[in-house]
Asker: 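The structure's right below; bear with me while I get my questions together.
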Amino acid sequence: LLGLTMRAIPRIGVEIVRVDSGSAAARAGIEAGDVITLIGEIERPAPAQVTRAFLATPEDRPLLVGVTRGDRHRVLALGKR
């Protein structure tokens, strides 16, 4: 379960509104207030693209996620396990 509530920020990406505890997103370190600017190879994704990219990723591979938190940018690995 991805476990994210998201809202689109046009031309920027997706703001995280809520992260479900115990979810794949929580295990990856994604927090409310983060902005996903890259998911896999998709720049400035929409919420549906984030969900589709996660669902399409094989169980044994992490999905790289570019996240802006405040004035810092980081890359997190989002896995299904």
Side-chain angles (χ1 to χ4, degrees):
L1 179 64
L2 179 56
L4 290 177
T5 302
M6 304 171 271
R7 80 174 182 91
I9 303 175
R11 296 179 302 282
I12 295 175
V14 174
E15 180 182 8
I16 305 308
V17 177
R18 187 174 71 105
V19 180
D20 296 341
S21 68
S23 67
R27 288 191 305 274
I30 296 173
E31 300 177 1
D34 286 351
V35 177
I36 295 176
T37 56
L38 180 76
I39 185 95
E41 296 184 11
I42 303 168
E43 296 180 10
R44 297 176 300 279
Q49 290 175 301
V50 171
T51 300
R52 279 196 304 270
F54 176 73
L55 293 174
T57 300
E59 296 251 345
D60 61 339
R61 283 212 176 138
L63 177 62
L64 296 181
V65 182
V67 173
T68 299
R69 182 177 297 158
D71 60 355
R72 300 195 64 199
H73 192 73
R74 61 188 68 208
V75 176
L76 304 174
L78 181 61
K80 291 186 177 178
R81 317 186 212 158

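These values consider heavy atoms only, across backbone and side chains, with no hydrogens, waters or symmetry-generated copies.
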Asker: Which residue is it: V17, D34, T51? I am looking for the one with a side chain to side chain contact (heavy atoms under 4.5 Å, CB included) to M6.
Answerer: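 Going through V17, D34, T51 one by one, the side chain to side chain contact (heavy atoms under 4.5 Å, CB included) with M6 is satisfied by T51 alone.
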Asker: Is it true that atom CD of E43 has more than 12 heavy atoms of other residues, nucleotides or ligands lying nearer than 6.0 Å?
Answerer: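 No, because the 6.0 Å sphere around CD of E43 holds 12 heavy atoms or fewer from other groups.
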Asker: Do V65 and L38 have side chains that approach each other closer than 4.5 Å (heavy atoms only, starting at C-beta)?
Answerer: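 Contact flag for V65/L38 side chains = no.
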Asker: With A32, which residues qualify under side-chain contact (heavy atoms from CB on, under 4.5 Å), at least two apart?
Answerer: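 Listed in chain order: nothing, the list is empty.
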Asker: Work out which heavy atom in G3 is nearest to a heavy atom in S23; give both atom names and the distance.
Answerer: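 Result for this residue pair: CA-CB, 3.6 Å.
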Asker: Take L2 and V50 through the test side-chain contact (heavy atoms from CB on, under 4.5 Å) and record every step on the way to the result.
Answerer: CA-CA 9 Å; L2 179 56; V50 171; 4.2 Å; yes
Asker: Which residues satisfy the side-chain hydrogen bond (donor to acceptor under 3.5 Å, both in side chains) test with R7, sequence neighbours excluded?
Answerer: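 Partners of R7 by the side-chain hydrogen bond (donor to acceptor under 3.5 Å, both in side chains) criterion, ordered by chain and then number, come out as E15.
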Asker: Determine the minimum heavy-atom distance between K80 and T57, stating which atoms define it.
Answerer: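 Reported closest heavy-atom pair: NZ-O, 2.7 Å.
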Asker: Out of curiosity, does I39 fall in the hydrophobic cluster containing L55 (side-chain heavy atoms, cut-off under 4.5 Å, transitive links)?
Answerer: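 Yes, L55 and I39 fall within the same hydrophobic cluster.
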Asker: Is there a continuous path of hydrophobic side-chain contacts, each under 4.5 Å between heavy atoms, that joins V14 to V75?
Answerer: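 Hydrophobic grouping puts V14 apart from V75.
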Asker: Is there a donor-acceptor pair under 3.5 Å between the side chain of R74 and the backbone N or O of G66?
Answerer: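 Pair absent, no side-chain N/O of R74 close to backbone of G66.
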Asker: Taking all non-hydrogen atoms of both residues into account, name the closest pair between A26 and D20 and its distance.
Answerer: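 Taking A26 first and D20 second, the nearest heavy atoms are CB-O, 3.5 Å.
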Asker: Could you report the tightest heavy-atom contact between F54 and L78, atom names first, then the distance?
Answerer: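 Heavy atoms of F54 and L78 come nearest at CD1-CD2, 3.7 Å.
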Asker: Below 4.5 Å, heavy atoms only, C-beta onward: do I36 and L4 meet side chain to side chain?
Answerer: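 Sidechains of L4 and I36: in contact.
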Asker: Under a 4.5 Å side-chain heavy-atom rule over Ile, Leu, Val, Met, Phe, Trp and Tyr, are V35 and V19 clustered together?
Answerer: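 Different hydrophobic clusters.
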Asker: For R44 and Q49, which heavy atoms make the closest approach, and how far apart are they?
Answerer: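 Shortest heavy-atom contact: O-OE1, 4.3 Å.
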